[in-house]
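The block underneath contains the structure these notes are about, expressed in structure tokens.
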Amino acid sequence: ELPETALLKFFRPESTPVPARPTPEQLSNLIKTRLHYPESFSHSFHQKSLCLVPVTLLLSNCSQAVVDVMIDLRHKTTSPEALEIHGSFMWLGQTQYKLQLKSQEVYSLQLKACFVHTGVYNLGTPRVFAKLADQVTLFETCQQNSMPALIIINNI
């Protein structure tokens, strides 16, 4: 006599969680940036030709995930209209930063802007790129830039 054979049943849970892939819109809003600086700054260009202004770049991780961030200060506004209105300035010191922000973390980066003339300048030139730390991608997503950050440089 042959033993009874039982059928094997395979069960698959109905709701297998599939990790949702973030949309490009979500990826471009991982990091919010804010610049803190004086609205106007007075400097004696006759005594010292370079005017240095401290600027704080605040980076806020708006996601629940760990995010890799890259900041590039080398970006320049090249349109003639922008140069006429705002003039040109330089960021002093390191020009690129790479860091990692934990979920909801806020990071403060101290920068120095250097001016050689009086005028109105747009400090909103830093480009910020970010990607989820656990994602293997070749490039980070550019984060949406906020409004222009205008500063007035006066001569004493």
Check: Partners of Q96 by side chain to side chain contact (heavy atoms under 4.5 Å, CB included), sequence neighbours excluded?
Finding: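 Partners of Q96 by the side chain to side chain contact (heavy atoms under 4.5 Å, CB included) criterion, ordered by chain and then number, come out as M70, D72, R74.
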Notebook entry, point to check: Can you list the residues that meet the side chain to side chain contact (heavy atoms under 4.5 Å, CB included) rule with S49, with sequence neighbours excluded?
Noted result: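 Side chain to side chain contact (heavy atoms under 4.5 Å, CB included) list for S49, sorted by chain: empty.
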Looking only at heavy atoms, which two atoms of [X] and [Y] are closest? And how far apart?
X	Y	value
N155	H46	ND2-NE2, 3.5 Å
C142	F129	CA-CD2, 3.6 Å
D68	A133	OD2-CA, 3.5 Å
Y121	S88	CE2-O, 3.3 Å
P38	P54	CD-O, 4.0 Å

How many angstroms lie between atom [atom1] of [X] and atom [atom2] of [Y], to the nearest 0.5 angstrom?
X	Y	atom1	atom2	result
L30	L59	CG	CG	12.5 Å
I31	K131	CD1	NZ	12.0 Å
T118	F41	OG1	CZ	14.0 Å
K32	S60	NZ	OG	9.5 Å
L92	M90	CG	CE	7.5 Å

So do the side chains of [X] and [Y] get within less than 4.5 Å of each other, counting heavy atoms only?
X	Y	value
I153	V53	yes
I71	L99	yes
V128	V69	yes
L58	T33	no

Next item on the list: Using atom types as modelled and distance alone, determine if a side-chain donor or acceptor of Y37 lies under 3.5 Å from a backbone N or O of L57.
Entry: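 Looks like no, no N/O pair under 3.5 Å.
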Margin query: Taking A149's backbone N and O only, do any of them form a donor-acceptor pair with N122's side chain (distance below 3.5 Å, no angle check)?
Written below: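 Pair found, side chain donor or acceptor close to backbone of A149.
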Checklist line | NE2 (H117) with more than 12 external heavy atoms under 6.0 Å | finding: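 No, the 6.0 Å shell around NE2 holds no more than 12 heavy atoms from other groups.
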Next item on the list: Run the numbers on F89 and I151 for side chain to side chain contact (heavy atoms under 4.5 Å, CB included), then give the verdict.
Entry: CA-CA 11 Å; F89 73 97; I151 185 172; over 6 Å; no
Check: Who pairs with T95 by side-chain hydrogen bond (donor to acceptor under 3.5 Å, both in side chains), at least two apart in sequence or on another chain?
Finding: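 Residues passing side-chain hydrogen bond (donor to acceptor under 3.5 Å, both in side chains) with T95: none at all.
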Item checked: Contacts of type side-chain hydrogen bond (donor to acceptor under 3.5 Å, both in side chains), residue K112, not counting sequence neighbours ->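 K112: no side-chain hydrogen bond (donor to acceptor under 3.5 Å, both in side chains) contacts found.
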Item checked: Stepwise side chain to side chain contact (heavy atoms under 4.5 Å, CB included) check, L123 with L111 -> CA-CA 11 Å; L123 295 175; L111 306 172; over 6 Å; no
Next item on the list: Please identify each residue that fulfils ring pair (Phe, Tyr, Trp, His ring centres under 6.0 Å) with Y97, with sequence neighbours left out.
Entry: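 Checked Y97 against ring pair (Phe, Tyr, Trp, His ring centres under 6.0 Å); zero matches.
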Note to self: Show, in sequence, the C-alpha distance, side-chain angles and deciding distance for N154 and S40, and conclude whether the side chain to side chain contact (heavy atoms under 4.5 Å, CB included) test is met.
What the structure shows: CA-CA 7 Å; N154 299 305; S40 66; 3.9 Å; yes
In residues 102-110, what donor-acceptor pairs under 3.5 Å come from side-chain atoms, sequence neighbours left out?
residue	atom	partner	partner atom	Å
S103	OG	S63	O	3.4
S103	OG	Q64	O	3.4
Q104	NE2	S63	O	3.1
E105	OE1	K102	N	2.7
S108	OG	Q110	NE2	3.1
Q110	OE1	T56	OG1	3.0

